[in-house]
Every structure is written in structure tokens, then in C-alpha cells.
There are 2 protein chains.
Amino acid sequence: MKPPTVYDVAERAGVSIATVSRVLRSPNRVRPDTAARVEAAVRELGYVPSGAARGLAERRTGVLGLYLPGFDAIEELTEIELPETGGTDIVSDLGRSADDHVADLYFDEVVRGAELEAWRRGYALMVAVGRGENSVQTFTDMAGRVDGLIVLARAVPDAVLTPLAARIPVVVLSARGDYEAFDRVSVSNREGMAALTDHVLAHTTGEIVYLGGPEESPDARDRRRGVRDALEKHGRTEDVRWMSEIFTRDTGRRVGRELVRAAASGEPLPGAVLCGNDQMALGVLDEFTAAGIAVPERVLVSGFDGIPAAALSSPRLSTVRQPIEDLGRAAIALLDERFQAPNGEPRGVRLPVSVLLRESTAPSV
Amino acid sequence: MKPPTVYDVAERAGVSIATVSRVLRSPNRVRPDTAARVEAAVRELGYVPSGAARGLAERRTGVLGLYLPGFDAIEELTEIELPETGGTDIVSDLGRSADDHVADLYFDEVVRGAELEAWRRGYALMVAVGRGENSVQTFTDMAGRVDGLIVLARAVPDAVLTPLAARIPVVVLSARGDYEAFDRVSVSNREGMAALTDHVLAHTTGEIVYLGGPEESPDARDRRRGVRDALEKHGRTEDVRWMSEIFTRDTGRRVGRELVRAAASGEPLPGAVLCGNDQMALGVLDEFTAAGIAVPERVLVSGFDGIPAAALSSPRLSTVRQPIEDLGRAAIALLDERFQAPNGEPRGVRLPVSVLLRESTAPSV
DNA sequence: TTTGTAAATGTATGCGCTTACACTGAGTGA
DNA sequence: TCACTCAGTGTAAGCGCATACATTTACAAA
């Protein structure tokens, strides 16, 4: 049974398809009684206009796209069970440690921000993620169905992105120096880290350990640069021990243990351990706390990201909060503005970060 | 400058549009060298196939839809600033209470689950939310552009949903007794609450306070029924004081204060305070802790939902975790199966909940 | 060489809608 | 009475693609 079309509605209402279309698009251009007849026919047939046909005829879809590179969480997904019976699973959850519960998938917040802003402005949002070798395919697929597109920097080869940008508005997220031909949104990663480091340097004269993320990560690089900026400002570029590790709480614990051990064997504790993200910093805190090393009295610790857990630790963690959700929102806003002014100069928006000074770097009194 | 079409590509490659289409859809049906020529032309022109045209011709889009009713978070959104300069905002965040930071928008997880599963299965997901009086419009708009649709129960009038379901597969989320003609997914709200209550009743002989959500909320109603089920099982339906309030932490605090005050003026403390959600329970805990009333030694407290904060409180909160993310995932899975078997019986999937027994209801030793 | 067959490609149609343009008829002013 | 408007409606032409069917080509067999 085929879905009804304008033709069916037109026939039933005794009008032409043009009139049907008008009733749906510009109701004030038809006489009220014909409109009523058409609406009745629509209702009786359960007619739903085909978005594809409309999009084709109108050359716009009212849909915005957000494209993200694939991430592990998807690959790890297993088949979901579909029980009809439900049931209750009773779990004794006593004595577990209250930790990595908070899945802090960076993308999540971007997606949510984009969704909220898109909805607010009356667009629908289509989200797709690349998977394996089909990712370019997935991307162009999506590009073909939207009026504008948001892409995470480096998620798509330039050879694909550049020609596309000539067709529809494209906003690049987290672009750094590159992508100057595109509208783009980023956050002040580097400045934020510099400001936090600045604060820390003002409160300790000891050695600084910088526990940063992997060399390849652009985020990690920016944050490292921020640290260096602050060190240079204070003329203390020699006081630092640089480390590059993966961004996990376990990494933080491991490094924390090493520092504790070193201290036990007589070496001085560093004045501060700056971390490239909150998870690492929490790991370091875990070990310091376990070893009875008082933070911030004996050593300062700081993080980056502003995840919720950073406000629940003890001591609470000084950190830099990135407005990730705003990243998504701003991108949608940029797209929307680009529709108004298709040929303006590319805009680069930089969102401010918040340096949250909390107990873990409070100057020892 | 108009986007290139198959015609442009065909002309450039010196072939017909049919061949271009074949190169894109079924590459093994064209000679490798023609394919190469076409691909070159595609690249040179920056051709991106129109999703609308394709959808129209193929009568499918590869897109699934998720429709949610509007919620306050959107209405409250203000215009976002788009600064070009970035900057750093330094905030002294000392001494703040570490609390409602975690925005636990129920929908979030549904959306995320649906996204993950859709991506995993190679679909794109389109998410839309209804806003004000245009919501039906938004809904049909979306319905016209997708191959299948997920809708939250009651988000759309039956008069709209029923005829649509004859056209494309529709899955209803959180359907209760109704919606039997649709594929649907729900969780064992009632059974979960019954199981948790059962556990609590086994560990106290005192009065039970049930601090539930608003009467109108179907969720609240189901949970209340679960409590009643357990009370009946234990023959203690008289031991309970029922309360219906809005689902906030402040509500919990207010009620907590009342109980503390009553206790101070000589009334006995209840044996347990069961709450309709975690936020309320955390509010109650806040006040008990502040007043020095030991939980679980003097009174048991439980929540519902399994939000992250419930695992970070002290004592940690016993609660029932709903597999919200799975709700979204299961819905997508159902849709996908429905594509295989368009005419099967409607399926009702019930997902199991997990009762998480933690310190807040641990039997006093 | 001719013929048969399969692979490769082209032609033409239709998917369901919007909209420019053409047409109709009722109302207007002269 | 007769142009002349103009609101209301119809006609028809695409929008860009996939694909059934028709045609051509390549190549093996006769």
C-alpha cells in the first residue's frame, strides 16, 4: 500500500496539486473553504509530505548536519538484547569506589549543544559518525542531505571538505591555525592553561611537573603551549619536568605513585603537578591522598576540562572549564548566520574558558 | 554558482548520467577505466550527490528519526555570544557546594543511545523536538524525511501517529498499557521500585515515608505502584506516609528539614524515606547529614534513576538504575528489525532495571 | 567471416513536490 | 456597457537522481 501523495489528496479534495501544495505552504493564498476541503482530505488519507520531494523541489531541507569521526565507544558496542519480559536485576553495589562512573565523552556535550541550538532555531539536526573505511562515504551522504554542516577539525580530508564548502556552509570545530577559509569555532585552550599555570606559579617556588597528554593530540599540544607561555612569563622555563602520557585516571595514579615513591626515597616533592586533563589530576590526587601527602599544603595539583568529578574530589580540583556545549551551539549559530550572509568573510569564533580556582591550588596559608 | 549534478559529471566524463549513477551505486557494473574517468570528474567538480533526489528516486533515505516533546531547557536557552577574541575568565570557585552540577536530562541518554545504535547499524539519526504550537508540524516534517521513527509516548497525538504508522515503522518509547498496535520499548519501572522497597522493608520496622513525584507523571505513578506492591506483599500497607511533590533536590531538602524538625520535637523518625527519584533522595540526605542523623543507622534512604551523583554521595545512595541509554538503542534495533519483517506482529520490549543496593539502605549492623 | 551472448552503456521515465506562468471569473471604475 | 484588476486556481516544467529497458560493444564460438 503506497503512501498517499499530493495527487491523491488533490483528487479527493477536487482541486489541483498546486492548490494542495499551497494549502500546506502558504495557506493565506487559498480561499478558506477550499483550504478546509484540502485539509480534510489530508487528514482522511493520513497524508505526510515527502521530505525528499520537497527538498528536491525547494533546494533546501531545513536540516543541519553534524559529523564526527568514529570513536571507540561505538566499536565496542555489542548487540543489544530485546527481552519482552523485563525483570529486575538486583545488584549489591556496596563498597565500590565511586569513580570513573562519569562517562565524559567529549563529543556528547558538543552534540547536545548543537541539538539544543538547532532546535531552538527551528532546524532538525542530523548527526552522523564516520566508521572505518566508509567514513568519507558516510560524510558525503550526509552532506547531500543538509543545508549546512558542522565538522570536527581533521575528521574529514581537506580534499573532500574544501569543494564541499563551496556548495553549502561548513563550520569547523576546534580548528587551530588551519582551516582559515572556513567558519570555525574553537576555545581558548592555550590561554586558559596559561592563566591557570600563572596562578600556580605565583604560589609555589618548587619544581613543576607537567603531566600532559599525547604529543599527537592537538588539544594536548595547545595546553602544553599554555604552560610554556606562563613559564616564560615567569622566567622559569627550567623549573619544569615534562611528561606525555595518555589521558586516563590510571596514568595519573601511576605517575602519582612514582612521585610518592621518589619522595619516600628522599627526593623533594615537586611544588606542583599540573595535569593535561582532570582525569589525570584525579589519579594523582588519589595517590597523594592515599600516601598522606597534603594537597595543596605540600604540593599543588591542577587539571583541565572541568568535569563534574573535579568538583567532587577532596580537595576539589582547580581546573579550566571549556564551554563544550557552547561549542556546538556556537557552530549552529554560525551556520544560521551564514545562511543570511552567504558571501561574507569566514568567521573565527573563539569561546572563552573559565579558570576555576579551587582548593587543590589554593595558596597554602 | 549552482552545485554540480550528475549531468555535469556525465558531461565532463563523457558518459551518460546512468553510468555516473552506476559508478556511485554499483561500481562493479562499469568498466574500471570508465569508472576512473567518472571518479576523476566527480573529484574535479566536487560533486556531492543530492540526498533529496536520491531519496526521492530510491524511496528510502537511510535516516532514522527520533522525536521528543519540547522541554524547558530549550525554552530557557538564551542567544549565544560569538566573540572572535576568546579570552579567559578567572573564577574563584572556592567554597562552593559541589552539587546540582550534573544536569541529568532524561532525554540526553535516550538520544545518545539511539545515536550510538543508529551509527553502529549504519544509519544517520535525525533528532527533532517539538516546540510550542508548531510541534505537529515539526513532527510530520521529520516523518516525511525518514525511513522509520521513534517517538516518546504521548509526545504526538494518536490521530497523527496512527495513520503514520501505516506508512513507516514507528517505535514508541515508554509506552505503558496503551500503544499496543505499535512496536514499543519500556523499562520495568514498577518492578524495580517494588524490588528496592522489598529490600528496605526487610530492614526496618519503622514507618515508611514515600516521597514520590507528581500525580500526573506516569513514571511517578508506576513507581508508586511498585512501592504499594511491596507493601502489600509484606502486609504493611498501613505503615506508609505518601507524599507527592515535584522531582527536585530542593523538594528533598524541604521534606528532610520537616522530618528533622519533627524528630527534634519528639516524634519518632521514620524507618525509611523512599524517594521517587535520586535528586529528591539526595536532598533528604543533605538535611539528615546536616542534622547529624545517621543514614542508614537511624533511617534508611533510597532513590530512583541511578544518576552519577547518587554514587558520589555519602553515604552512597541505593537506587534503581533504568537503562535509559538502552531504551534508545533498543528502539533503533526494533526499527531495524521491522525493516526486515514489515508485517510481523507488533513487539513490546521491556528492559530490565538494576536495583543498586548501596550504603544508604545497608542494614544497620 | 558470421552469429550469439554477455557486459557495458545510453535513453527515457518517474519519484512527489514547488512554483512560474496562464487562465478564469468576479468585482471595480469609467 | 466595457476594459481592467486581482484573487483564486490550474497547467506544466523542472528539481537530481535511480533504474527498467533498449542499444551498442566486445569477444568467443562456429
Side-chain angles (χ1 to χ4, degrees), chain A residues 1-39 41-42 45-63 137 140-141 143-147 167-168, chain B residues 1-39 41-42 45-63 137 140-141 143-147 167-168:
Chain A
M1 174 157 97
K2 284 175 32 181
T5 71
V6 263
Y7 295 93
D8 303 314
V9 175
E11 188 180 345
R12 176 147 196 148
V15 297
S16 76
I17 61 163
T19 299
V20 174
S21 180
R22 283 191 197 103
V23 171
L24 268 38
R25 298 295 134 234
S26 28
N28 48 338
R29 301 192 51 207
V30 299
R31 234 185 4 214
D33 57 320
T34 25
R37 288 215 316 285
V38 170
E39 279 157 7
V42 165
L45 293 172
Y47 167 73
V48 174
S50 151
R54 172 135 83 215
L56 185 55
E58 274 188 321
R59 265 156 302 232
R60 72 177 293 277
T61 64
V63 180
Q137 174 69 35
T140 51
D141 242 58
R145 3 185 124 268
V146 299
D147 294 335
R167 305 279 111 68
I168 59 172
Chain B
M1 172 161 95
K2 282 176 32 179
T5 70
V6 264
Y7 295 94
D8 304 314
V9 174
E11 187 180 346
R12 177 148 197 147
V15 297
S16 76
I17 62 159
T19 299
V20 174
S21 181
R22 284 190 198 104
V23 171
L24 269 36
R25 299 293 133 237
S26 29
N28 49 337
R29 301 193 51 205
V30 300
R31 239 186 2 215
D33 57 321
T34 26
R37 289 215 315 287
V38 171
E39 277 156 9
V42 165
L45 294 172
Y47 167 74
V48 174
S50 151
R54 175 134 83 214
L56 187 54
E58 275 188 320
R59 264 156 300 237
R60 70 176 297 275
T61 64
V63 179
Q137 174 69 35
T140 51
D141 244 57
R145 358 187 128 268
V146 299
D147 294 335
R167 305 279 111 69
I168 59 173

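Each chain gets a letter, A, B and so on, in the order its sequence line appears, and its residues count up from 1.
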Check your understanding: Does B:D33 or B:A57 map to a spot on DNA chain C nearer the 5' end, using the closest nucleotide for each?
Key -> B:D33

Study note, to complete from the structure: Heavy-atom nearest pair, A:A35 first then A:V23, reads CA-CG2, 3.9 Å

**Study point:** For atom CG of A:N28 and atom C1' of D:dA7, their distance in whole Å
**Key:** 12 Å

Check your understanding: What's the closest nucleotide to the B:R31 side chain, out of C:dC17, D:dA26, C:dC21?
Key -> D:dA26

**Study point:** Selected nucleotide, minimal atom distance to A:E58 side chain, candidates C:dT18, C:dC17, C:dT9
**Key:** C:dT18

Exercise for review: Choose from C:dT19, D:dT9, C:dT11 the nucleotide whose nearest atom is closest to any side-chain atom of B:A18.
Suggested key: C:dT11

Study note, to complete from the structure: Closest non-hydrogen contact found for A:I168 with A:A143 is CD1-O, 3.9 Å

Study note, to complete from the structure: note: A:R145, atom CZ; D:dG16, atom P; distance rounded to Å ~ 15 Å

Review point. How would you label the contact of A:V20 with the nucleic acid (heavy atoms, under 4.0 Å): base, sugar-phosphate, or nothing?
Key: nothing

Point to revise | Which nucleotide in D:dC17, D:dC15, C:dT9 has an atom nearest any side-chain atom of A:L56 | key: D:dC15

Review point. Atom CZ of B:R22 to atom P of D:dG16: distance rounded to whole Å?
Key: 20 Å

**Study point:** Length of the CD1-C1' vector between A:I17 and D:dG8, whole Å
**Key:** 16 Å

Exercise for review: Remember a base hit wins even if backbone is also touched, and classify A:S50 as base, sugar-phosphate or nothing at under 4.0 Å, heavy atoms.
Suggested key: sugar-phosphate

Practice item. Hey, which sits more toward the 5' end of DNA chain C by its nearest nucleotide, B:P32 or B:A53? Key: B:P32

Review point. Taking atom CG of B:D147 and atom CZ of B:R167, what is their separation to the nearest 0.5 Å?
Key: 15.0 Å

Exercise for review: Look at all strands and tell whether B:T19 reaches a base, only sugar-phosphate, or nothing, counting heavy atoms closer than 4.0 Å.
Suggested key: sugar-phosphate

Revision key, fill the gap. Taken to the nearest 0.5 Å, the spacing of B:L45 CG from B:Y47 OH works out to 10.5 Å

Study note, to complete from the structure: B:D141 CG to C:dT18 P, in whole Å, measures 10 Å

Exercise for review: Could you tell me whether a side-chain N or O of A:S26 sits under 3.5 Å from a main-chain N or O of A:R29, the two making a donor and an acceptor?
Suggested key: no

Check your understanding: Can you find an N or O donor on one side and an acceptor on the other, under 3.5 Å apart, linking the side chain of B:R59 with the base of C:dG14?
Key -> no

Check your understanding: Can you find a donor-acceptor pair, distance only, under 3.5 Å between B:Y7 side chain and D:dC15 base?
Key -> no

Check your understanding: A:V30 side chain: which of D:dT9, D:dC17, C:dT9 is closest?
Key -> D:dT9

